[in-house]
Amino acid sequence: MDTADVIVIGGGTGGYSTALRAAALGLDVVLVERDKVGGTCLHRGCIPSKAMLHAAELVDGIAEARERWGVKATLDAVDWSALVATRDDIVARNHRGVEAHLAHAGVRVVRGSARLTGARSVRVDGVGGVDGRGGAEGVRDFAARRGIVLATGSRPRTLPTLTPDGRRVVTSDDALFAPSLPASVLVLGGGAIGVEYASFHRSMGAQVTLVEAADRIVPLEDADVSRHLTRGLKKRGVDVQTGARLLDAEVRADGVRARVRTARGETRVIDAERLLVAVGRVPVTDGLDLAAAGLSTDERGFVAPADWNRLETAVPGVHVVGDLLPPPSLGLAHASFAEGLLVAETLAGVPSVPVDHAAVPRVTYSSPQTASVGLSEAEARARGHEVDVNTMPLTAVAKGMVHGQGGMVKVVAEAGGGRVLGVHLVGPHVSEMIAESQLIVGWDAQPDDVARHVHAHPTLSEAVGEAFLTLAGRGLHQQ
Ligand SMILES: Cc1cc2nc3c(=O)[nH]c(=O)nc-3n(C[C@H](O)[C@H](O)[C@H](O)COP(=O)(O)OP(=O)(O)OC[C@H]3O[C@@H](n4cnc5c(N)ncnc54)[C@H](O)[C@@H]3O)c2cc1C
């Protein structure tokens, strides 16, 4: 039996960040991955989707150039295979980068499927070698001196009545490998992934219907975020149906015919070339044999830590990171990076800071984008806070007018000049603007602390500065 200080199962963002940090702290680390290091985020999630959304932004820019700025530009066509080639090149380069980092750090990457054989032992099936150098196929056993980290992530959720066939009924995984761009899409699910794909396909010229069962899209965000995002998507021609449920879907030769019960109780028939199912993700634990280590999943399939400050399960030495964690973890890559650092430092016995999930930013990279951190207004009130709220349109600052896409900044703070509890942004480039707000919320700043710092003019961030100036009683353009 081979031994290591730490065995990490799963080489996605949660797993490889744990491995890199643990190795940097001098631990001998084995990382087991059955597919490709980088996981969902790099190969099927964050990176390919954002590459595609960047192309979508360029397409939208051509229309804006023509319609607003007198630039006589026209769009000939989108060459999907060229777009895919660029996207895949970005993914491949990042993949090589992650592999190189792991090799450089001395992490032993083992190719194969891992299952637990005890609280400190793991069996790997189908090993193709250590460090990618090839080697004996078959089964190998490993024992962990300090601990095991479960980082097996998640996969797309589907509905019992809807079986993705990868062609007409697709998940976000399938959508990446589609042979062409569809002329029409029905997106089921108005969370971040559904909204991003709806936005992408609309930019690419498709007829898009977005169906969400809750009474608003991005339902975990502040209600004003949902309102502004819905308005922005509708303005772009996306048919947003909230409070609506899929009754059934029939796969036909040329697409899918879906019946949807609308919020008004009517039955609507929607024909689309493709139905994209984006109704959430489920944790992956199959084949892991949690029971062998004395563990089990919760009723939703997550592996819950007994100690959130160490992300350690009820079995000492077995830790969990990433999408395998239940809420309040967020199913986001950057949350899993932070969780990986915490677990590696905990296993190395060096001081570490628990992850404050409430202060982790959340972004939807659609057009318009949304970005937020901290509590929504409703959450703050539900927790008993008396709050001051200021909402500022992005068009109230000159750069917002230049962009001409609407949007807003909303700040929720404790009444009477107290702590900032949440910041919520909608509009162009807000994914790049949320960083200052995460420090504001994370450092328990008050509006007055922020208001004394000057924002560059003219920028979209000025709207954030202005919103805080107003809350601090010093508003220039807003009283
Ligand atoms: C379309 C889409 C867009 C997204 N966009 C964003 C975004 O913009 N920003 C963001 O922060 N997050 C985004 N996410 C979420 C993000 O991808 C996940 O939160 C993140 O990948 C979770 O990392 P993880 O390490 O927990 O799991 P994963 O990345 O899923 O990695 C788990 C790994 O474990 C391996 N594995 C599983 N079981 C075993 C086993 N038994 N043995 C060996 N290996 C195993 C798998 O092969 C996989 O590589 C997006 C997700 C999707 C689907």
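Only this structure's heavy atoms are used, side chains among them; waters, hydrogens and symmetry mates stay out. In each ligand, atom 1 is the first atom listed, and ligand 1 is the first ligand listed.
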Option whose closest heavy atom lies nearest to [atom], chosen from [options]:
atom                    : options                     : answer
atom 18 (C) of ligand 1 : Ile193, Asp323, Thr40       : Asp323
atom 32 (C) of ligand 1 : Gly11, Gly10, Gly39, Ala151 : Ala151
atom 6 (C) of ligand 1  : Ala278, Cys46, Pro283       : Cys46

Ligand 1 N/O within reach of [X] N/O, cut-off under 3.5 Å:
X      : answer
Ile9   : no
Thr13  : yes
Leu288 : no
Gly331 : yes
Arg34  : yes
Arg281 : no
Val284 : no
Lys50  : yes
Ala114 : yes

Would you say the side-chain atoms of [X] and [Y] include a donor-acceptor pair closer than 3.5 Å?
X      : Y      : result
Ser372 : Arg362 : yes
Asp323 : Ser154 : yes
Arg310 : Ser352 : no
Ser184 : Glu273 : no
Asp215 : Thr242 : no
Asp89  : Thr86  : no
Ser366 : Ser199 : no

**Item:** Whether Glu345 side chain and Val350 backbone form a donor-acceptor pair below 3.5 Å
**Value:** no

**Item:** Short side-chain to backbone donor-acceptor contact, Thr13 and Ser336, under 3.5 Å
**Value:** no

**Request:** Only counting residues at least two apart or in another chain, list the ones meeting side chain to side chain contact (heavy atoms under 4.5 Å, CB included) with Thr285.
**Result:** Leu288, Leu290, Thr297, Val303, Leu324

Under a 4.0 Å heavy-atom limit, does [X] contact ligand 1 with its side chain, its backbone, both, or neither?
X      : value
Arg155 : neither
Arg44  : backbone
Ser154 : backbone

Relative to the heavy atoms of [X], which atoms of ligand 1 are at a distance of less than 4.0 Å?
X      : answer
Gly12  : 25 (O), 29 (O), 31 (O), 33 (C)
Gly45  : 1 (C), 2 (C), 3 (C), 4 (C), 51 (C), 52 (C)
Gly322 : 26 (O)
Tyr365 : 8 (O)
Val32  : 43 (C), 44 (N)
His334 : 11 (O)

Which residue holds the protein heavy atom closest to [atom], what is that atom called, and what is the gap in Å?
atom                    : result
atom 46 (C) of ligand 1 : Glu33 OE2, 3.5 Å
atom 21 (O) of ligand 1 : Cys41 N, 3.2 Å
atom 10 (C) of ligand 1 : Ala333 N, 3.4 Å
atom 27 (O) of ligand 1 : Gly153 CA, 3.1 Å
atom 25 (O) of ligand 1 : Gly14 N, 2.9 Å

Charged N-O contact under 4.0 Å between [X] and [Y]:
X      : Y      : result
Arg44  : Asp35  : yes
Asp222 : Arg227 : no
Asp165 : Arg168 : no

**Item:** salt bridge (charged side-chain N to carboxylate O under 4.0 Å, His left out) partners for Glu436, two or more places apart
**Value:** none

**Request:** Check if Gly112 has a non-hydrogen atom at a distance under 4.0 Å from any atom of ligand 1.
**Result:** yes

**Any Leu324 heavy atom less than 4.0 Å to ligand 1** = no

**Item:** Step-by-step salt bridge (charged side-chain N to carboxylate O under 4.0 Å, His left out) determination, Arg145 to Asp28
**Value:** CA-CA 10 Å; Arg145 286 185 288 269; Asp28 174 26; 3.6 Å; yes

**Prompt:** Only one of Arg111, Arg34, Arg115 forms a salt bridge (Lys or Arg N to Asp or Glu O under 4.0 Å) with Asp125, so which one is it?
**Reply:** Arg115

